[in-house]
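To find a chain, count down the sequence lines: A is the first, B the second, and so on, and within it residues start at 1. Just so it is clear, the values below take in all heavy atoms, side chains as well, and ignore hydrogens, waters and symmetry mates.
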Protein chains: 2
Amino acid sequence: MAAYAGVSRSTASRALNDDAYVSSRAKEKVLGAARELGYSPNQAARSLVTRRTGAVAVVLSEPESKVLDDPYFATVMHGAYRELSATGVQMLLMFVDSREDVPRTIRFLEGGHVDGAMVFAPHQGDPLPTALRLLRLPVVYGGRPGSVRRGVHAVDFDNRAGARMAVRHLLSTGRRRIATVTGMLDHPAAADRLAGWQDALIEFGLDPAGLSEAGDFLMASGERAMTALLERAPDLDGVFAASDAMAAGAMRAIRAAGRRVPDDVGVIGFDDQPTLAPAMNPPLTSVHQDPREQIRHMVRTLMSLLAGDTVRPDTTVLPVTLTVRDSA
Amino acid sequence: MAAYAGVSRSTASRALNDDAYVSSRAKEKVLGAARELGYSPNQAARSLVTRRTGAVAVVLSEPESKVLDDPYFATVMHGAYRELSATGVQMLLMFVDSREDVPRTIRFLEGGHVDGAMVFAPHQGDPLPTALRLLRLPVVYGGRPGSVRRGVHAVDFDNRAGARMAVRHLLSTGRRRIATVTGMLDHPAAADRLAGWQDALIEFGLDPAGLSEAGDFLMASGERAMTALLERAPDLDGVFAASDAMAAGAMRAIRAAGRRVPDDVGVIGFDDQPTLAPAMNPPLTSVHQDPREQIRHMVRTLMSLLAGDTVRPDTTVLPVTLTVRDSA
DNA sequence: CCGAAATCTGGGAGCGCTCCCAGAACGGGA
DNA sequence: TCCCGTTCTGGGAGCGCTCCCAGATTTCGG
């Protein structure tokens, strides 16, 4: 190929990587030859010497059922692919379903197959973040990792403020008995949302006691939890669910109990899932977060890290907004 | 590392790749040293000489909205990851959202970054399969590709037989006016399901005229189509929807028209989505297909191809079953 | 018009591995 | 005991690229 262009391998390499000190004439010749020959450089040979792979791992550490069910992860995968390929980086997707997957994953990540990783590992007891600390591989977390707190790069949403906003909105319509259905509490986001609900009630001088019920982010748990809440506190007039799916379940329970949404009970969800929240009946008021924005931040941070910039390890907190529809 | 184990690089290499002609003593020494040193071979150097990357691309050629919405794709991604990593192959996920993505994708695939590809490209006009024919890269399709018919490896479901089974089931409960809501008809699966519906009606001497309405696989289109059908044929007593989501939409329309499921109108879906079909009210009778089985077949075929076996290019058709619940 | 600085080019080394080949060690039958 | 086939080992070449360095060429101020 260098021969075909009539230059040395060195010059060809420089032209292809647009280095400094290449005459425009040589560059043109090389690029022309490459086009004519349909030449594309051998990635393996290149990585061998540059010690860069041009690939980044996206690690989803959640049980299978969750990943398949939650459209958030579909958005994450797709968004990560788009953002990464826009910067010329290949995405390597990895799933970690159970503790047994951890060693294999670690081995792969330290095997020099990737330049860095974007990790979603929200559970408290997840061994992955701890294991990852020992590697010297640039890692950016999506959402505050459950197990490791400080000294890591993370991009999270302001779950607590979002929950506060939701509850304040319910309060602003005159409701005073506001319950919550939480997510799994070993999940920092769930804990933060619970805290935000509590913040707003206390701020208003109200007593949160007995008005919280644990769910697991999925619809069925929302229905179950809401049924329990209605039994325990028949006078409740509002509910904040830590996910849209649970809000949907809660609505079913409310109707089953012969109450109306929003007339008798106001309902607010979290996530503002585009395929779910607006399609509900009535359309769901929900705390809106933008996963694409999160991904963008994560990619940007990782790219700085890969470029060798010293970025102070920190958690970036992205703002959320309240999308008001008819359910509250 | 070879030095540490006290053997030559050749012997170390042989031990690590468990080649023939290595004494068990040498092998033990090498493996022991590797463990002690936390050594893992440099993938780039290895690919450089073997001309194998140990990676396979999974290409999803569908518009973004579809990929994010359809749990089938989540299952595909996750299943493909599991099956591939079980055979020691890395998965590279690629999305092709629009025609503009095609050249970039082709360039990547022919750039020698992967050993083969598993492609999901169901649309009739999709330019990707045609472009892929020119590459000499082993490709296995998931579902019959829309544009290229023969001479390719594909693993499809028996959509036509599945639809036939569904309609026969409706017929067996005494229903005689059975409508269908189709998927996008540029999608071979949708066309096959429509054909199967027609097969069963004709087989029973019934006239399908006016009882079919086009949808797009999503819930909203099911509702819309069903409303139209009920208006056009108020006497209908059964409906076969080409997806579970459309079946859900159809149920809403049926209720909105003051009819009951299954008493007045029997409903059957397709896909038997685990998170949707059993959770519906009433639980949905649906044609069951197993995406994991499809993936397994695809991976197996691709592996044979990579091993250099000559596999006759052909479409494997996987059987489907009918899961009977309460909606019909 | 000269010399030094800036710009450009090609040769050579080497990244870490696998594969080929020649030769050493081993084993068993004549 | 010797010979031949089998099993095992190490050395060397080379995969295709980038990077370093030395030398060639151009540019430009004095």
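Among the protein residues, A20(A) comes within range of no part of the nucleic acid, since none of its heavy atoms lies under 4.0 Å from any strand. If you check every strand for non-hydrogen atoms under 4.0 Å, R51(B) touches sugar and phosphate atoms only.
What separates CZ of R14(A) from C1' of dG10(C) is a distance of 8 Å, to the nearest Å. Atom pair L16(B):CG and dT18(C):C1' shows a separation of 12 Å (rounding to whole Å applied). Straight-line distance from the CG atom of N42(A) to the P atom of dG14(D): 18 Å, rounded to whole Å. Nucleotide dC8(D) holds its P atom 11 Å from the NZ atom of K27(B), rounded to whole Å. Going from atom NZ of K29(A) over to atom P of dC8(C) covers 14 Å, rounded to whole Å. Atom CD of E28(A) and atom P of dC8(C) are 14 Å apart (whole Å). Taking atom CD on Q43(A) and atom P on dC17(D), their separation rounds to 10 Å, with Å as the unit. Atom-to-atom, CG of D19(A) to C1' of dT7(C) comes out at 14 Å; the value is rounded to the nearest Å.
Note on ring orientation: taking the six-membered ring where Trp is involved, the planes of H187(A) and H123(A) are perpendicular (angle over 60°, cut-offs 30° and 60°).
OP1 or OP2 of dT18(C) sits under 4.0 Å from a side-chain N or O of N17(B). Side-chain nitrogen and oxygen atoms of T50(B) include none within less than 4.0 Å of the OP1 or OP2 phosphate oxygen of dT18(C). Applying the 4.0 Å criterion to OP1 and OP2 of dT25(D), one finds that Y21(A) has every side-chain N and O outside that range. In this model, the phosphate group of dC17(D) is not approached by any side-chain N or O of S47(A) to a distance below 4.0 Å at OP1 or OP2.
Counting heavy atoms from C-beta outward, L306(B) and R52(B) have side chains that approach closer than 4.5 Å.
The base of dG11(C) is not paired with the side chain of S8(A) by any donor and acceptor separated by under 3.5 Å. Counting distance only, with no hydrogens placed and no angle test, the side-chain atoms of S10(A) and the base atoms of dC19(D) include a donor-acceptor pair under 3.5 Å.
When each of Y39(A) and R9(B) is assigned the nucleotide of DNA chain D bearing its nearest heavy atom, the one mapping closer to the 5' terminus is R9(B). Comparing A26(B) and L48(B) by the nucleotide of DNA chain D whose heavy atom lies nearest to each, the residue mapping closer to the 5' end is A26(B).
Here the side chain of D156(A) pairs no donor or acceptor atom with the backbone of V317(A) at under 3.5 angstrom. Looking at R107(B), its side chain never comes within 3.5 Å of a backbone N or O of S40(A) through a donor-acceptor pair.
No side-chain donor from either of R144(B) and N159(B) sits under 3.5 Å from a side-chain acceptor of the other.
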